[in-house]
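Let me begin by presenting the structure, written as structure tokens, before commenting on it.
Just so you know, these numbers come straight off a predicted model, no measurement behind them.
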Amino acid sequence: MQVQALLKKAQNLEIKTICPLHGPILKENLEYYIEKYDIWSSYKPEADGVFIAYASIHGNTAEASKYLAKILEEKGAKKVSIMDLARCDIAEAIEDAFKYDKIILAASSYNFGVFTPMEHFLNELKGKNYQNRKMGIIENGTWAPSAGKCIKEALETMKDIQICEPMVTIKSTLKEDTKKELEFLAENILKI
């Protein structure tokens, strides 16, 4: 809100330098950076695309996420980005979460909750006031799937999050019925 208020006050000024609290002093291409500040501070996505963030323990959730990425590309998604939260730089994952208008969260169930890299990612998003996105959920769990419920509860604390159905439940490994559910999720997330 503070950045939006400042941008309104400064819109009629001739700006020659931007001196942010964090980051380099900017003296060139200022219109580009002001536009970025406007997008970021209003929580608007920068690009039409789907970001798949997954947290996989044994590789099965990763396999499902990669399968979904392939389906999305075949169905005409403008851009599909995929990242393994257990092995990536979390700052890059957050960057893609803010960049794209749609995001799929896929995680294994773990100790009656969600695998900790996904939990950490959701906490980071919440701390950054994440909002205004379309989301899908994939959970993996054999006897007591819990990841989906935990992800959904975290998303419900965020503003203007639209959860796309169906939430897909994988029982350990990807099977033919689950592939059909992933195809349905892909179709639905691209429609909204």
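Under a cut-off of 6.0 angstrom, the local environment of CD1 in Ile25 is sparse, with at most 12 non-hydrogen atoms contributed by other residues, nucleotides or ligands. Residue Gln2 places its CD atom among 12 or fewer non-hydrogen atoms of other residues, nucleotides or ligands, all under 6.0 Å distant. More than 12 heavy-atom neighbours from other residues, nucleotides or ligands sit within 6.0 angstrom of CD on Gln11. Remark: Lys152 NZ is loosely packed, at most 12 non-hydrogen atoms of other residues, nucleotides or ligands lying under 6.0 Å away. Sparse packing is recorded around CD of Glu35, with 12 or fewer heavy atoms of other residues, nucleotides or ligands lying under 6.0 Å away.
Put simply, the side chain of Asn123 does not reach to within 4.5 Å of the side chain of His120, judged on heavy atoms. Taking the side chain as every heavy atom from C-beta outward, Lys149 and Glu139 never approach each other to under 4.5 Å. Using a 4.5 Å cut-off on side-chain heavy atoms (C-beta onward), Met118 and Leu122 make contact. Two residues are said to be in side-chain contact when any heavy atoms from C-beta on lie closer than 4.5 Å; Leu185 and Pro166 meet this criterion. Side-chain contact check for Ile104 versus Ile137: every heavy-atom pair is 4.5 Å or farther apart. Under the 4.5 Å side-chain criterion, counting only non-hydrogen atoms from C-beta, Ile103 is in contact with Leu105. Within the 4.5 Å cutoff, the side chain of Leu6 has no heavy atoms near those of the Tyr37 side chain. At a threshold of 4.5 Å between non-hydrogen side-chain atoms, the residues Lys126 and Met158 count as touching.
In terms of heavy-atom proximity, Thr61 sits nearest to Ala107 at CG2-N, 3.8 Å. The two residues Leu182 and Ala64 come nearest to each other via the heavy atoms CD1-O, 3.9 Å. The shortest non-hydrogen separation linking Gly148 to Met167 is CA-SD, 3.5 Å. Here the shortest heavy-atom pairing between Leu155 and Met135 reads CD2-CE, 3.4 Å.
Rounding to the nearest 0.5 angstrom, the gap separating the CG atom in Leu85 from the CD1 atom in Ile52 is 11.5 Å. Residue Lys36 holds its NZ atom at 14.5 Å from CG of Leu30, rounded to the nearest 0.5 Å. Put simply, CD1 on Ile138 and CD on Glu181 are 10.0 Å apart, with the number rounded to the nearest 0.5 Å. Note that OG of Ser41 is 11.5 Å distant from CE of Met1, once rounded to the nearest 0.5 Å. Annotation: the span from Ile34 atom CD1 to Leu7 atom CG amounts to 7.5 Å, rounded to 0.5 Å. Atom CD in Gln131 sits 11.5 Å away from atom CG in Leu125 (nearest 0.5 Å).
Between Asp160 and Arg133 no salt bridge is recorded (no basic side-chain N to carboxylate O distance below 4.0 Å). Salt-bridge formation is not detected for the pair Glu183/Lys180: no Lys NZ or Arg NE/NH1/NH2 atom is positioned less than 4.0 Å from an Asp or Glu carboxylate oxygen. Ion pairing of Glu95 with Lys99 is absent here, as no side-chain N (NZ or NE/NH1/NH2) approaches a carboxylate O to less than 4.0 Å. Salt bridge annotation for Lys44-Asp38: present, with a cationic side-chain nitrogen under 4.0 angstrom from a carboxylate oxygen.
Annotation: side-chain contact (heavy atoms from CB on, under 4.5 Å) contacts of Pro24 (sequence neighbours excluded): Leu26.
Judged by distance alone, with hydrogens and angles left aside, the side-chain atoms of Asn188 form no donor-acceptor pair with the main-chain N or O of Cys164 at under 3.5 Å. With Ser146 contributing its side chain and Gly113 its backbone, the two residues share a donor-acceptor pair below 3.5 Å. The backbone N or O of Thr173 sits less than 3.5 Å from a side-chain atom of Lys175, completing a donor-acceptor pair. Ser109 places no side-chain N or O within 3.5 Å of a backbone atom of Pro145 that could act as its donor or acceptor partner. In this structure a side-chain-to-backbone donor-acceptor pair under 3.5 Å is missing from Thr178 to Leu174.
Within the structure, ring-ring contact (aromatic ring centres under 6.0 Å, His included) contacts touching residues 71-115 (residues at least two apart or in different chains) are Phe98-Tyr130, Tyr110-Phe115.
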Next item on the list: Tell me, with the steps shown, if Lys179 and Glu176 meet salt bridge (Lys or Arg N to Asp or Glu O under 4.0 Å).
Entry: CA-CA 5 Å; Lys179 287 180 180 180; Glu176 286 307 312; 3.5 Å; yes
Item checked: Candidate pair Asn140 and Ser108, rule side-chain hydrogen bond (donor to acceptor under 3.5 Å, both in side chains), full reasoning -> CA-CA 4 Å; Asn140 192 344; Ser108 302; 4.7 Å; no
Next item on the list: Test Ile161 against Glu156 for side chain to side chain contact (heavy atoms under 4.5 Å, CB included), laying out the working first.
Entry: CA-CA 7 Å; Ile161 298 294; Glu156 287 171 348; over 6 Å; no
Tabulate below the donor-acceptor pairs under 3.5 Å that side-chain atoms of residues 73-84 make, not counting sequence neighbours, or state none.
unit_1	atom_1	unit_2	atom_2	d
Lys75	NZ	Glu187	OE2	3.2
Ser81	OG	Asp96	OD2	2.5
Asp84	OD1	Ala86	N	3.0
Asp84	OD2	Arg87	NH1	3.0

